[in-house]
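Everything below concerns the one structure shown next.
A quick note: this is a predicted structure, and the numbers were derived from the prediction, not measured.
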Amino acid sequence: MIEQLVRAAVSGRPTGSVQVVRDDCWLRVEPARPGPAQGWKLHVSATVPAAEAVLRAVLPTLVRDPVRFKVAASVEQLRRLNSNDAPLAQVGKFVTVYPADDEQAVRLAKALDDATAGLRGPAVPSDRPLRPGSLVHYRYGSFRPRYLQTPLGRLVPAIAAPDGTLEADLRACPYAAPAWARDPFGAPAAGSAPLLGGRYRVEALLHQAPRGAVELAVDTVTGHRRVLKSARRD
């Protein structure tokens, strides 16, 4: 179903202008013109039951405003991404979009958010949502394979800082962007997190997994420390 929808959506493009490539995990739509090596990437999440509706909603935007993107190759692959056994940074990443520049990233994010309003998908822990409850998320990262070697010899994904030096491309959970990357999406400046339930102030993250998190908090009413357990949406 996923491959048929994607191939049908791009079939109207001029011959040779785009290539659809499938591997075991992803269905990639690759324009003939190469894009940037890194930048603000977009992720659109979906639950397994909502996958077809989400894909039908986003494909017209991705074809109308040509861009490189990939989609989970099957519903079973999406199920694996959303499972409690998957790496936390992979949860929800049904569609990944690689905009050509910041202007296209903002334009596409808004259009995709409008198109998927009311549909279901989990939050993407490594990204920032475009707005609370949105299926559209974003983070700054590498678009193509690039690696650096740590002092202990590990190869890790890398991005280039403005001076050209390589640094680790962290899929941090919760979301964190490189200090030098300007957020073009108009996100508010970081401030004090709101109290949970109107009374609990989170002090530390104790554990997190695809299904939820355990946090240490202070009850601002009684002054007592509490352990809070929360489930992630969808």
Side-chain angles (χ1 to χ4, degrees), residues 1-36 38-82 86 89-124 126-131 133-144 184-185 233-234:
M1 175 270 294
I2 290 176
E3 184 167 359
Q4 292 92 321
L5 287 175
V6 171
R7 289 188 181 276
V10 302
S11 62
R13 292 189 184 180
T15 303
S17 66
V18 67
Q19 184 179 17
V20 180
V21 181
R22 176 171 180 155
D23 59 30
D24 290 340
C25 298
W26 300 103
L27 190 68
R28 304 174 189 273
V29 176
E30 301 276 359
R33 215 169 148 187
Q38 64 186 49
W40 291 99
K41 64 175 68 175
L42 307 176
H43 291 111
V44 183
S45 73
T47 62
V48 168
E52 182 175 350
V54 169
L55 188 57
R56 288 183 181 276
V58 303
L59 281 174
T61 294
L62 299 177
V63 172
R64 185 171 56 249
D65 197 344
V67 67
R68 179 176 168 234
F69 67 95
K70 70 179 182 181
V71 184
S74 65
V75 171
E76 186 53 41
Q77 169 65 4
L78 176 60
R79 194 188 311 277
R80 286 193 290 268
L81 290 174
N82 288 352
Q90 294 301 313
V91 171
K93 295 179 177 179
F94 178 43
V95 182
T96 304
V97 184
Y98 305 93
D101 51 39
D102 288 4
E103 182 181 350
Q104 187 183 38
V106 172
R107 185 172 66 249
L108 286 173
K110 177 64 169 62
L112 294 171
D113 183 49
D114 290 344
T116 56
L119 298 177
R120 304 298 302 182
V124 178
S126 65
D127 291 21
R128 172 174 278 167
L130 188 66
R131 58 172 179 78
S134 177
L135 299 194
V136 180
H137 303 71
Y138 65 88
R139 65 177 290 270
Y140 192 95
S142 177
F143 289 1
R144 301 186 184 278
F185 298 92
R233 79 169 195 246
D234 289 303

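- For Asp114, the side chain to side chain contact (heavy atoms under 4.5 Å, CB included) partners are Lys110, not counting sequence neighbours.
- The OG1 atom of Thr96 sits 10.5 Å away from the CZ atom of Phe143 when rounded to the nearest 0.5 Å.
- Inter-residue side-chain proximity for Asp23 and Arg28 is flagged as met; some heavy-atom pair is nearer than 4.5 Å.
- The CZ atom of Arg64 sits 4.5 Å away from the OG1 atom of Thr61 when rounded to the nearest 0.5 Å.
- Distance alone, capped at 3.5 Å, is enough to place a donor-acceptor pair between the Asn82 side chain and the Gly92 backbone.
- Note that CZ of Arg107 is 11.0 Å distant from CG of Leu112, once rounded to the nearest 0.5 Å.
- Annotation: the span from Leu119 atom CG to Leu55 atom CG amounts to 11.5 Å, rounded to 0.5 Å.
- Nearest heavy atom pair, residue Ala72 against residue Leu78, reads CB-N, 4.2 Å.
- Atom CG of Leu135 sits about 7.5 Å away from atom NE2 of His137, to the nearest 0.5 Å.
- Leu130 approaches Ser134 most closely through the heavy-atom pair CB-OG, 4.1 Å.
- Taking 4.5 Å as the limit, some side-chain heavy atom of Arg139 sits within range of a side-chain heavy atom of Lys41.
- Between Ala51 and Ala46, the closest heavy-atom pair is CA-CB, 4.1 Å.
- In this view, Phe94 satisfies the ring-ring contact (aromatic ring centres under 6.0 Å, His included) rule with no residue, not counting sequence neighbours.
- In terms of the ring-ring contact (aromatic ring centres under 6.0 Å, His included) criterion, residue partners of Tyr140 (sequence neighbours excluded) are, by chain and number, Trp40, Trp180.
- Take Glu76 and apply the side-chain hydrogen bond (donor to acceptor under 3.5 Å, both in side chains) test, not counting sequence neighbours, and it matches Arg79.
- Side-chain contact between Phe69 and Leu59 is present, with at least one heavy-atom pair separated by less than 4.5 Å.
- With hydrogens and angles ignored, the 3.5 Å screen pairs no side-chain donor or acceptor of Thr116 with any backbone N or O of Val54.
- Not one N or O on the side chain of Gln77 forms a donor-acceptor pair closer than 3.5 Å with the backbone of Val71.
- Taken from NZ in Lys70 to CZ in Arg22, the straight-line distance is 14.0 Å, to the nearest 0.5 Å.
- Between Asp24 and Ala73, the shortest heavy-atom distance links the atoms O-CB, 4.3 Å.
- Taking both residues in full, the closest heavy atoms of Val58 and Val95 are given as CG2-CG2, 4.4 Å, listed atom of the first, atom of the second, then distance.
- Leu27 and Glu3 get closest at one heavy-atom pair: CD2-CA, 3.5 Å.
- Checked against Ser126 for a side chain to side chain donor-acceptor pair (under 3.5 Å), the options Lys93, Gln90, His43 give a single hit: Lys93.
- Residues meeting the salt bridge (charged side-chain N to carboxylate O under 4.0 Å, His left out) test with Glu30, sequence neighbours left out: Arg68.
- Side-chain contact between Leu42 and Phe185 is present, with at least one heavy-atom pair separated by less than 4.5 Å.
- Arg144 is linked by a salt bridge (charged side-chain N to carboxylate O under 4.0 Å, His left out) to nothing, counting only residues two or more places apart in sequence or in another chain.
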